[in-house]
Amino acid sequence: MKRQSPFGETIFALSTGRLPSGVAVVRVSGNRVTDVVERLCGGIPPARKAVLRTISDRNGVKIDQGLIVFFPGPQSFTGEDCAEFHLHGGRAVVSALLGELGSSNGLRGAEAGEFTMRAFFNGKIDLTGAEALSDLIAAETETQRRMAIENAGGRQSALYESWRTRIIHAQAMIEAELDFSDEEDVPGSVASETWSEIAALIGEVKAHISEYHRAEIIRDGFRVAIIGAPNVGKSTLLNALARRDVAIVSDEPGTTRDVISVTLDLGGIAVVISDTAGIRAQPGTIEALGIERSFSTAREADLVLLLRCNGQVQQLEEPADTGKTLRIVTKSDLNRKRSDHETGELVLSSKTGEGIDRLLDEIEEKARNAIGAPLDTLPSRQRHIDDLNAVTVYLAEAGDDKSGGLEIRAEALRLAANRLGR
C-alpha cells in the first residue's frame, strides 16, 4: 500500500549550488512524486537505482537527458516518496524543468529548509540532527565538518538520550517505592540508591555545559585581536597573515577607525583575526569610538596580539588577562640595534615575512589547545545550553532531600526528563 504523506503539497527545489555547473540536482518530495516522474520520464525507475532517462515536458518537448533516482517512502530522506533529477547544470535547462514542475497541479517550490523540516516531522531525524545537518552544509573547515558529521550521525542525540534514560529510571525507582512500599520485592532503600546517580548525572551535565565555548570556537572561529599603538604595523600584519590587502595601510596615525576582520583556515580550524584602531592618549571623537571598539574586541578575543615597534618601549598598559596575550615586536627589518629575542617576545617583519610563519604556528597551536579533542561531544547551540541548565536545576531539586517528599522529587525528575527531551 502506498504510504501517504501528511503534507498535502508536493515540493521541489534545486538542491545543488550556483548555476551554471557541470551537474544540477533537482529534488522532489511528496505524494505526487510518482505521477511527476512517470509523466516527465515515461515510467518509474527501480527504487534507489540511477537510471538514464529522457526528461520531457507535457508537450513531449525534450528538456534534457539525465539520471533519475526514485526513493519510495519511508526509505527516503524526508520519509516521503522522493525523486532526484540529475541534469546538466545550465541555467536554461534547470529553468525549464523547474518551470514544468511549478506549472503542475499540487506542486510548489520548497521553502528554505523544508525538506529537512519534513524529515524531522516524519521522524527521520531529530532536532539535534537537523541542526547538525545545517552545520555540515555551512562547514568551511575540517574541524567544523568533523563535529557536524558526528552530530548528524546521532552522537549528540545518543548522549542526551542516555541521560534521559537514566533520569527516567531514577524516577521509576522512586515511584516504585511510593506505590509498592509494602511489597517485599521493593525494598525501602530503592529510592535512596538513586540519589548518588542523580548527583553524578548533575556533574556530567554541568561538565558538558562548560565545554560550550569549545563548540563556539569550532563553529564561529578562534578569535584573535591585534592591538597596539598607532603605526606599529597592525594593518600591515593583518594583510601579511591574510596574504592579501584586507586593511588600508598608511603612515598617517589613526587610519583604522573600525574593526576589520578576516577568517583564516589554520590546520582545519577557523581563525578570525581582527585589526583594531590604534590606542593612544587624547584621540579625536571618532578615533575614540574606534579605540573603545579595540578594547571591546580584545576583551572578547580568545587571543590578543599586543604589538610594539622594534626598539621602542611599550607605552600601552598590559591587558588584564595576560594568559591570552602574545606580545609581538614588529618592523624587525628597520632597526636591528638591539635584540628582542631574549625577552621572549615574538619578533617579526610583515614586510620581509620574517616571523610570520612562526606566528601562524603559534596561533594554530593555541587554537588547537582551545578546542581540545575534536571528537568530544559538545553542545553546539545556545538552545542546548538553555535546556541543559534547566535540567540541572530540576535534578538539583530532585536530589535535595529538603525540597519536599518523594512525590515532589519524582515530579522534578519528570520535568528534567521532559526538558532533556526537548
Side-chain angles (χ1 to χ4, degrees), residues 1-125 129-140 148-149 152:
M1 180 178 178
K2 182 178 178 180
R3 184 179 188 275
Q4 291 293 311
S5 168
F7 299 95
E9 295 174 302
T10 297
I11 58 174
F12 63 89
L14 175 65
S15 295
T16 44
R18 288 184 60 184
L19 303 176
S21 60
V23 176
V25 178
V26 174
R27 177 185 286 173
V28 187
S29 178
N31 293 327
R32 303 204 59 187
V33 165
T34 53
D35 298 335
V36 169
V37 173
E38 189 165 6
R39 178 168 59 82
L40 294 179
C41 305
I44 307 297
R48 291 175 292 281
K49 290 186 177 181
V51 178
L52 182 65
R53 291 286 175 86
T54 296
I55 305 168
S56 304
D57 64 17
R58 67 191 63 197
N59 298 317
V61 177
K62 181 177 178 181
I63 296 175
D64 195 13
Q65 187 177 46
L67 296 177
I68 311 300
V69 188
F70 173 61
F71 303 92
Q75 287 79 35
S76 67
F77 172 70
T78 62
E80 308 170 327
D81 285 351
C82 288
E84 291 182 356
F85 295 83
H86 296 241
L87 313 164
H88 294 96
R91 290 189 177 91
V93 173
V94 174
S95 178
L97 178 59
L98 295 179
E100 182 65 21
L101 293 172
S103 63
S104 303
N105 292 331
L107 270 72
R108 64 167 174 83
E111 298 177 3
E114 190 170 2
F115 287 97
T116 304
M117 183 193 73
R118 292 194 176 195
F120 171 74
F121 280 111
N122 287 327
K124 303 300 292 186
I125 57 175
E131 291 167 334
L133 185 59
S134 174
D135 288 342
L136 183 61
I137 294 172
E140 295 181 344
I149 200 71

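What you are looking at is a predicted structure, and each value in this text was computed from that prediction instead of being measured.
Counting only heavy atoms from C-beta outward, the side chains of V51 and P46 approach each other to under 4.5 Å. A heavy-atom distance below 4.5 Å is found between the side chains of L98 and V26.
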Name the atoms and distances for all side-chain donor-acceptor pairs under 3.5 Å in residues 89-97, with sequence neighbours left out.
residue : atom : partner : partner atom : Å
R91     : NH2  : L19     : O            : 2.7

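Nearest heavy atoms, R118 versus G30: NH1-CA, 4.2 Å. Counting all heavy atoms, side chain and backbone alike, A13 lies closest to A110 at CB-CB, 4.0 Å. Between N31 and T34 the shortest heavy-atom distance is O-OG1, 4.4 Å. Among all heavy-atom pairs drawn from V37 and G43, the shortest one is CG1-O, 3.6 Å. Contact detail for E38 and I44: the closest heavy-atom pair is N-CD1, 3.8 Å. Contact between P45 and I68 at its shortest, heavy atoms only, is CG-CG2, 4.1 Å.
Checking side-chain atoms of D57 against main-chain N and O of N59 turns up a donor-acceptor pair under 3.5 Å. Proximity of a side-chain donor or acceptor of T16 to a complementary backbone N or O of V25 within less than 3.5 Å is detected.
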task = Assess whether side chain to side chain contact (heavy atoms under 4.5 Å, CB included) is satisfied between E114 and E9, documenting all intermediate values.
result = CA-CA 12 Å; E114 190 170 2; E9 295 174 302; over 6 Å; no
key: Worked check of side chain to side chain contact (heavy atoms under 4.5 Å, CB included) between Q75 and R48   = CA-CA 9 Å; Q75 287 79 35; R48 291 175 292 281; 3.8 Å; yes
query = Checking side chain to side chain contact (heavy atoms under 4.5 Å, CB included) for the pair F77/L133: CA distance, chi angles, key distance, verdict?
reply = CA-CA 12 Å; F77 172 70; L133 185 59; 3.7 Å; yes
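Here the straight-line distance linking atom CG of L14 with atom CG of L101 works out to 11.5 Å at 0.5 Å rounding. With values rounded to the nearest 0.5 angstrom, M117 atom CE is found 11.0 Å from I125 atom CD1. Annotation: the span from E100 atom CD to F12 atom CZ amounts to 10.0 Å, rounded to 0.5 Å. Distance CD1/I63 to CG/L87: 8.5 Å, rounded to 0.5 Å. Once rounded to the nearest 0.5 Å, the distance linking CD of E80 with OG1 of T10 reads 7.5 Å. Here the straight-line distance linking atom CD of E84 with atom CZ of F71 works out to 4.5 Å at 0.5 Å rounding.
Checking R32 against S104 by side-chain atom types alone, no donor-acceptor pair falls below 3.5 Å. No hydrogens or angles considered: a donor-acceptor pair under 3.5 Å links the side chains of R58 and S103.
Every pair passing side chain to side chain donor-acceptor pair (under 3.5 Å) that includes a residue from residues 61-71 is listed here, sequence neighbours excluded: D64-H88.
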